[in-house]
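Here, residue 1 is the first one in the sequence, and each next residue gets the next number.
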Amino acid sequence: LLLACGKSPMSVKDIRELQQKGRYAATVDVLRSQVDAHPDDLELNFLLGRALFHTGEVGLAVWPLQRSVESPDYAVESYMLLADISLQTGETKEALDQLGKAIERAPDNVAARIMRAWAYLRAAKYEEAIADLDHVAELQPDNIEMIVPRAMALIGLKRLDEADALLQSAEHDLEQTEGEARSTLASGLCAGSAALDYERHEVDAAEAGFNGCLEKYPTE
């Protein structure tokens, strides 16, 4: 179709630029064709896997991402996307394995550390979650994304006073945060407060708190 319209086929550079703009759907079909023609090209496999992931076809994204982990340039992000898929499908152990491989290659990757902390929380491995978040704190002391998982890990360890103090202090960070990050932090603080009530056996307050969170943040 592109040739019929007098246009050159889409280049890998064009594909990268479209994906950087968030236009993943515009790259899926051409990437499928290019991967069919060049199945051993690890960059094309990565770009296809990422495009499929971001367009909601996570099941189809697995195969090209499993290929692209063989590339030194794309292994870390490929493992992180695979881990995200594993978490979506409830495969926590698999996600931890994939994130471990990503962090082995990039020990200071903050996003991978935070994602693994959340995965550890699902596995009730609270000390391990805190260890990852401590590493994040060394790299980025002001990173607000680590606040909620740290609070949840402290709650899991029954260190309730520490969790309460952290959630209280995070209210200041909330005032300084805008956009999507603010909504994510606000909903997390809301849920954390309700979780604290639950761990203190204040069940009615916890139920009211969680219901309030769901009403205020229905998509979280």
Side-chain angles (χ1 to χ4, degrees), residues 21-25 50 52-59 61 77 80-92 95-96 98-99 109-126 128-130 132-134 136-137 140-220:
K21 295 175 181 177
R23 297 179 58 191
Y24 295 100
R50 184 168 67 177
L52 291 168
F53 175 88
H54 284 288
T55 53
E57 298 187 75
V58 293
E77 191 171 349
M80 289 176 66
L81 290 172
L82 286 169
D84 201 326
I85 294 169
S86 294
L87 290 172
Q88 290 182 41
T89 55
E91 300 292 336
T92 304
L96 286 169
Q98 291 155 341
L99 289 166
N109 188 301
V110 167
R113 290 275 182 179
I114 292 175
M115 186 186 294
R116 189 167 72 171
W118 280 111
Y120 276 137
L121 289 178
R122 288 196 183 191
K125 295 184 176 182
Y126 305 116
E128 291 87 341
I130 286 178
D132 267 338
L133 296 170
D134 283 344
V136 172
Q140 296 181 1
D142 298 326
N143 189 310
I144 63 171
E145 292 183 38
M146 64 181 170
I147 294 173
V148 174
R150 179 180 289 277
M152 294 302 185
L154 292 170
I155 291 171
L157 292 168
K158 310 301 181 185
R159 291 159 58 179
L160 304 185
D161 289 343
E162 292 177 64
D164 194 5
L166 178 59
L167 292 171
Q168 293 292 336
S169 66
E171 292 294 333
H172 172 74
D173 296 288
L174 183 61
E175 294 174 3
Q176 309 300 317
T177 307
E178 298 179 351
E180 184 178 348
R182 178 183 175 84
S183 177
T184 300
L185 179 58
S187 62
L189 296 181
C190 184
S193 179
L196 268 177
D197 286 336
Y198 182 80
E199 291 298 331
R200 288 169 172 161
H201 306 291
E202 299 172 5
V203 178
D204 290 342
E207 182 177 6
F210 280 123
N211 285 336
C213 294
L214 288 168
E215 183 176 348
K216 197 169 184 180
Y217 309 103
T219 62
E220 293 292 336

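Formation of a donor-acceptor pair under 3.5 Å by the Arg116 side chain with backbone atoms of Leu96 is not found in this model.
Phe210 approaches Ala191 most closely through the heavy-atom pair CE2-O, 3.7 Å. The two atoms that bring Ala95 and Ala83 nearest to each other are CB-O, 3.7 Å, heavy atoms only. Across Ala153 and Ile130, no two heavy atoms sit closer than the pair CB-CG1, 3.6 Å. Across all their heavy atoms, Met146 and Gln140 have their closest contact at CE-O, 3.7 Å. Minimum heavy-atom separation, Ile144 to Ala181: CD1-CB, 4.2 Å.
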Let me have the donor-acceptor pairs involving side chains of residues 154-172, under 3.5 Å, with sequence neighbours excluded, atom names and distances please.
residue: Lys158; atom: NZ; partner: Glu199; partner atom: OE1; Å: 2.5
residue: Arg159; atom: NE; partner: Glu162; partner atom: OE2; Å: 2.9
residue: Arg159; atom: NH2; partner: Glu162; partner atom: OE1; Å: 2.9
residue: Asp164; atom: OD2; partner: Arg200; partner atom: NH2; Å: 3.3
residue: Ser169; atom: OG; partner: Ala165; partner atom: O; Å: 3.3
residue: Ser169; atom: OG; partner: Leu166; partner atom: O; Å: 2.9

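Applying the disulfide bond (SG atoms under 2.5 Å apart) test to residues at least two apart or on different chains, the pairs with a partner in residues 187-220 are Cys190-Cys213.
Note that CD1 of Ile147 and CG of Leu189 are 7.0 Å apart. Values are rounded to the nearest 0.5 Å. Between atom CG of residue Leu133 and atom CE of residue Met152 there is a gap of 12.5 Å, rounded to the nearest 0.5 Å. Atom CG of residue Leu121 and atom CZ of residue Arg150 lie 11.0 Å apart, to the nearest 0.5 angstrom. In this structure, Met115 CE and Met80 CE are separated by 4.5 Å, a value rounded to the nearest 0.5 Å. Summarising the geometry, atom CD belonging to Glu202 is positioned 9.5 Å from atom CG belonging to Leu196; distances are rounded to the nearest 0.5 Å.
Every residue meeting the side-chain hydrogen bond (donor to acceptor under 3.5 Å, both in side chains) condition with Asp84, not counting sequence neighbours, appears here in chain and number order: Gln88. Residues forming a ring-ring contact (aromatic ring centres under 6.0 Å, His included) with Tyr24 (at least two apart in sequence, or on another chain): His54. With sequence neighbours left out, the side-chain hydrogen bond (donor to acceptor under 3.5 Å, both in side chains) criterion links Ser86 to Gln98. Not a single side-chain hydrogen bond (donor to acceptor under 3.5 Å, both in side chains) links Asn211 to another residue, sequence neighbours left out.
Annotation: side chain of Ile114 is in contact with side chain of Asn143 (closest heavy-atom distance under 4.5 Å).
Applying the side chain to side chain contact (heavy atoms under 4.5 Å, CB included) test between Trp118 and each of Leu87, Val148, Leu99 identifies Val148 as the sole match.
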